[in-house]
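Single-structure report; data block below.
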Amino acid sequence: MEKTEKHNFFDKPIFRTKIKSANVKLFPEAGLGYLLGPILALMSNGVVNVWLVQYWDKVLLLGDWNPLFQTLLPIVSAIFVVIGNLLVGHLMERKPSIVGKARPLILLGMPLIAIALLVLFLVPLPTGAGGEASNLLASILVAVGYNLYYALAWPIYYTSHSALVNLSTRDGSKRNLLSTCIMAAQLGAAGLAGMAGGFLVDLIGLLPVYQYGVKADGSPLTTNILEEANSLANGFEVKTLISPEKANSKWTILMVVMIVCLVIGCLLEFYFTRERITEENIKNAAVKEDEELAKVEKTSMKEQIKICSRDKYWWLIIIFFFLYQFGGQMKNNDLSFYSQAMTGENKLSSTINTVGAIPTALGMLIVWPIAKKLTKSKTISLGALLAVIGGAIAFVALIPSIGNNDGAVWGLSIASFVVKALGTAPAMYISLALLANVLDHQEAVYGKRTDGFTMAVYGSIMVCMSGICNGIIAGINTAAKSSGMDLKLVNTILGYGVESACYLLMGIMFLFMNVEKFTKEDQIKILEDQKAACLARGEEWIDPQTRMEMEEKETARQIEEARIKELKEKCAKKGWNFEEKEAEYQAKKAKMEAKKAAKKKGKQ
């Protein structure tokens, strides 16, 4: 009986990648698919990570009427986030389409993230914040929105987004390029959210603002976002300039802008990326008509877990990502709290993010040349030492004689962040390329890849950590305020000290990460295994690079045939001479090619 051929939904022509080249190129693949697209797609996540707790605390006043809920929700929800990421990892390992196993999930995540953003930031103002909605309803919407975003929508996008570098190519130098672009995109998105966030808060009134002054001594009026109740308790006259209700309505505008950026970014990332390794595995007969053979060749989640659990390099890279994300999220998410504790407003956090972007961008230029000489792992260890030194600078601002000087506080806070940013650059830009080395080594040693499970664990860490850190920051700040602790000390530790401790551990740990010494022999072993499997099936062996080059030539031939056909039809319709028009086209083409060649020669 003849089998009915099953087609994947994403096999339709409309979903085909715009990248036809066998090799990774700076433009459009790296520029649009790994830089601009992710920047736009990730911007909304930067806003959520940095400002969600502030929205809960200052607009919904959640910390006033339900402080335990505000603290525990992100921490307890981490369970659902891990489950969500593992399910996404399993979904990635289903029978892949020729368009890839990760790329389709980017499109699937796009509408879910848009819905989650609306639920997160369009909570009706509860009675606890002076609104009309019940506190119970607000709590339910906060919990649903949080888990819809972090446990479902974001893992679907982020896990697949993070897997693209590993699946893009086996060329180490090209992977380095794409890893740099994708990490620069994450930095750029977080930076834009941080830089613009503080200014937007004050410009369009995203958080409540109160004006207060001392009743008796005639002190000058100042404007601040300190809690109204706090001010009254300390004998201040308080005038509400921006109420929680008014601030709540402004988030609608910001979310619409974020959703537009999200859609454009996801479409760019989907259409201008290509999973060459997935295509390679499919065309090496990883997917067969014989269902029993397909089951044998597919690597189950259980097998992947077994491989990862006994691989020391896998454990080193995963612990690294845990420390990297925990320290980074504590720093980023506490920065607005730190700014308010040190200066009473948000401008310091925005300035820190703006100035801090300079050494981070500089790091992108110098990291790879250093890594080529020292290896990626040693470069990360060296950077970690610098990050620890940078973190120590911030604590100087706590010395009373210095901390009372606003200029000194600003200068030390910015200087600390700048030095730390330069030190964290290696971990930021080359860690994904190092992860790709680990996955290739597993494939060479065990004959199987663990992209699904590894990226599920990676995604769980990256997504979970934001919520966990937000819960820790909110809980500690609430406890500190109620117990009268020094908020300057508390937030210096949270914003600078925690990340410095994490980098100290990372720096020591990576002295033992030497997986890169296997890279060349791993590539040879993988090709030998693929060739042996191909010959065992009685098929002709064509190495992946040659096959892609042949496909690229075939695609170019088809495009040329279509162009000629279209030109002939147009000439017949317009009454033109085909030979003359073709000669004109060829002359223009030759002129453009000569220009490109001259330009290339001039650069050499």
Side-chain angles (χ1 to χ4, degrees), residues 10 37-38 40-49 52 73-94 96 100-120 142-167 182-183 185-186 189-190 258-259 262-263 265-266 269-270 273 275 301 304-305 308 317-318 321-322 324-326 328-329 333 431-432 435 439 450-471:
F10 287 98
L40 294 172
L42 290 162
M43 273 176 58
S44 60
N45 183 250
V47 171
V48 174
N49 288 343
L52 181 60
L73 173 64
I75 297 172
V76 174
S77 295
I79 299 169
F80 302 108
V81 175
V82 171
I83 293 171
N85 277 277
L86 290 174
L87 288 174
V88 173
H90 178 71
L91 192 61
M92 276 179 59
E93 290 306 314
R94 291 167 63 88
K101 58 183 180 180
R103 290 175 59 247
L105 296 182
I106 290 173
L107 287 189
L108 178 61
M110 181 175 69
L112 293 174
I113 294 172
I115 294 168
L117 287 173
L118 294 176
V119 178
L120 271 176
V142 165
V144 169
Y146 187 89
N147 283 283
L148 178 61
Y149 183 83
Y150 279 112
L152 179 63
W154 193 246
I156 288 175
Y157 167 79
Y158 191 76
T159 301
S160 50
H161 154 85
S162 302
L164 288 177
V165 171
N166 302 331
L167 298 170
I182 211 163
M183 295 310 288
Q186 290 182 197
M258 290 296 99
I259 288 170
L262 169 75
V263 172
C266 285
E269 189 169 3
F270 177 78
T273 53
E275 294 183 32
M301 192 63 76
Q304 292 184 49
I305 293 171
C308 292
I317 197 74
I318 290 300
F321 280 123
F322 178 91
Y324 168 80
Q325 188 69 353
F326 180 69
Q329 288 299 315
N333 297 356
S431 55
L432 279 179
L435 173 61
L439 293 175
T450 66
D451 296 276
F453 176 68
T454 298
M455 297 318 296
V457 174
Y458 171 85
S460 297
I461 291 169
M462 292 298 173
V463 178
C464 268
M465 212 54 71
S466 177
I468 290 171
C469 292
N470 274 332

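Counting from 1, the numbers follow the sequence of the chain as shown. Below, all heavy atoms of this structure are taken into account, side chains as well, without hydrogens, waters or symmetry copies.
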Derivation of the side chain to side chain contact (heavy atoms under 4.5 Å, CB included) call for L164 and R103: CA-CA 8 Å; L164 288 177; R103 290 175 59 247; 3.6 Å; yes
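- Taken to the nearest 0.5 Å, the CD1 atom of I468 stands 10.0 Å off from the OG atom of S77.
- Checking N45 against Y149 by side-chain atom types alone, a donor-acceptor pair falls below 3.5 Å.
- Judged by distance alone, the side chains of N49 and Y150 do bring a donor and an acceptor atom under 3.5 Å apart.
- Here the straight-line distance linking atom CD of Q325 with atom OG of S460 works out to 11.5 Å at 0.5 Å rounding.
- In this structure, L91 and I156 have side chains that are not in contact, with every pair of non-hydrogen atoms separated by 4.5 Å or more.
- When every heavy atom of A41 is checked against every heavy atom of L262, the shortest pair comes out as O-CD1, 3.7 Å.
- Nearest heavy-atom pair across S160 and A102 is CB-O, 3.0 Å.
- Between the CG atom of L105 and the CE atom of M455 there is a distance of 12.0 Å, given to the nearest 0.5 Å.
- Taking CD of Q186 as the start and OH of Y158 as the end, the distance is 3.5 Å to the nearest 0.5 Å.
- Closest approach of G467 and P74 over heavy atoms only: O-CB, 2.7 Å.
- The aromatic rings of Y157 and W154 are tilted relative to each other, their planes meeting at an angle between 30° and 60°.
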